[in-house]
There are 2 protein chains.
Amino acid sequence: MKHTNTIGEAASASGVSAKMIRHYEKIELIEAAERTNSGYRLYTPADIHTLRFIRRARNLGFSVDDISELLDLWKNDTRTSKDVRRVADGHLVALRAKAAEIHSMIDALEQLFDGCTNDERPDCPILDDLADAAKPARPKQVGHKFGFERVC
Amino acid sequence: MKHTNTIGEAASASGVSAKMIRHYEKIELIEAAERTNSGYRLYTPADIHTLRFIRRARNLGFSVDDISELLDLWKNDTRTSKDVRRVADGHLVALRAKAAEIHSMIDALEQLFDGCTNDERPDCPILDDLADAAKPARPKQVGHKFGFERVC
DNA sequence: ATAGGGCCTCCCATCATTGGAAGGTCAAGG
DNA sequence: CCTTGACCTTCCAATGATGGGAGGCCCTAT
């Protein structure tokens with residue numbers, strides 16, 4: 001008797017929802033699970049280990065494509081540290097780019113907030129700026145990747 | 001004779017693609033444009049101003065729902081600065097949360113990189129960690145049977 | 001035997017954006 | 001007048017990861 005688990009058990013053991021396990025099977029990130037006579041999917045501890053691998057990689061923000069590659073490397077005896085580095089490094093570069101993008105949004109928004117009264121008056125530099133970024137209300141300069149020179 | 005422009009002109013003047021202008025009309029973010037006899041959309045300078053507003057807000061990462069609200073406030077004489085602040089503040093909170101999330105991914109990934117040799121060897125703490133996060137993270141000081149410091 | 005809960009498949013929605021296909025319209029030049 | 005090419009129209013689909021729900025089967029406990 002194999003030690004097998006239902007999809008619900010695999011889900012709670014791995015942290016991957018049953019929905020997503022079926023999804024990962026459909027997109028062929030994981031192999032199709034064995035089935036009972038009645039069609040229920042069965043998962044071995046090794047399968048659950050793989051699912052946990054996937055969930056951890058997702059937590060680090062890896063895309064499914066990246067994870068597919070990482071899984072291949074994980075199970076490939078001839079892999080090299082370099083191979084893994086390449087995948088992880090590409091992701092790190094993307095993460096840092098995303099972080100920079102978000103920070104420039106935050107910076108621009110914070111600048112707008114500086115001039116905002118936050119009261120009952122209708123005047124609002126935030127709207128003014130969105131309506132016309134060229135209008136010089138406050139000569140506070142901010143370098144911005146989106147080309148906003150004048151920010152609130 | 002009104003000063004009107006085709007959708008292509010409005011697109012290049014506003015920075016919003018023609019595709020997206022039609023899309024914004026369909027989802028009712030903007031009002032349906034006037035049409036020529038032959039069905040071409042026509043845009044006034046005011047329309048283009050609105051489109052630029054939208055593009056700037058998108059550049060700051062506002063969702064379409066947020067922008068819809070901001071547009072209403074922009075055109076609403078009875079708005080208060082507070083109203084705008086509420087929308088912008090909510091977005092800022094979300095941006096900061098996203099930034100924190102990404103930074104925790106970056107930190108975790110950088111930690112894994114510390115132990116990675118980036119060479120031809122198959123050992124890799126990145127994969128090890130994904131496979132089992134409970135395993136002692138970076139056993140740098142553990143002796144290797146070949147005398148190598150077991151890194152990556 | 002019946003109720004409940006878990007499982008199955010299939011479809012749809014998100015969010016903003018892009019792409020393509022198939023066809024109509026317009027201006028300029030031969 | 002007719003072709004050409006740029007522009008416009010609508011509709012449909014896909015992206016990526018995930019969730020929700022409907023309708024139906026399976027298994028176990030009462």
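Naming: A, B, ... by sequence-line order, numbering from 1 per chain.
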Ignoring the backbone of [X], work out which of [options] is nearest its side chain.
| X | options | value |
| --- | --- | --- |
| Arg41(B) | dT9(D), dA17(D), dC7(C) | dT9(D) |
| His23(A) | dT25(C), dT18(D), dC8(C) | dT18(D) |
| Arg35(A) | dC8(D), dC8(C), dC7(C) | dC8(C) |
| Ile7(A) | dG24(C), dC27(D), dC7(C) | dC7(C) |
| Arg58(A) | dC8(D), dT18(D), dC7(C) | dT18(D) |
| Lys19(A) | dA17(D), dC7(C), dG20(D) | dG20(D) |

Next on the checklist: Looking at Arg56(B) and Leu60(B), would you say the former's side chain and the latter's main chain have a donor-acceptor pair under 3.5 Å?
Outcome noted: no
Next on the checklist: Using only atom types and a distance under 3.5 Å, with no angle test, would you say the side chain of Asp107(A) pairs donor to acceptor with the backbone of Ser104(A)?
Outcome noted: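 Absent.
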Calculate the interatomic distance between [X] atom [atom1] and [N] atom [atom2]; express it in whole Å.
| X | N | atom1 | atom2 | answer |
| --- | --- | --- | --- | --- |
| Glu9(B) | dC7(D) | CD | P | 10 Å |
| Lys26(A) | dC8(C) | NZ | C1' | 13 Å |
| Ile27(A) | dG16(D) | CD1 | P | 9 Å |
| Tyr24(B) | dC15(C) | OH | P | 14 Å |
| Met20(B) | dT18(C) | CE | P | 7 Å |

Checklist entry - What does Ser17(B) touch in the nucleic acid at a heavy-atom separation under 4.0 angstrom: a base, only the sugar-phosphate, or nothing? => result sugar-phosphate
Next on the checklist: Below 30° counts as parallel, above 60° as perpendicular, anything between as tilted: where do the rings of His49(A) and Trp74(A) land?
Outcome noted: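 Perpendicular, since the angle between the ring planes exceeds 60°.
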Item to check | Contact under 4.0 Å: Ser38(B) side-chain N or O vs dG24(C) OP1/OP2 | outcome: no
Next on the checklist: Between Glu101(A) and Lys98(A), does any side-chain N to carboxylate O distance fall below 4.0 Å?
Outcome noted: yes
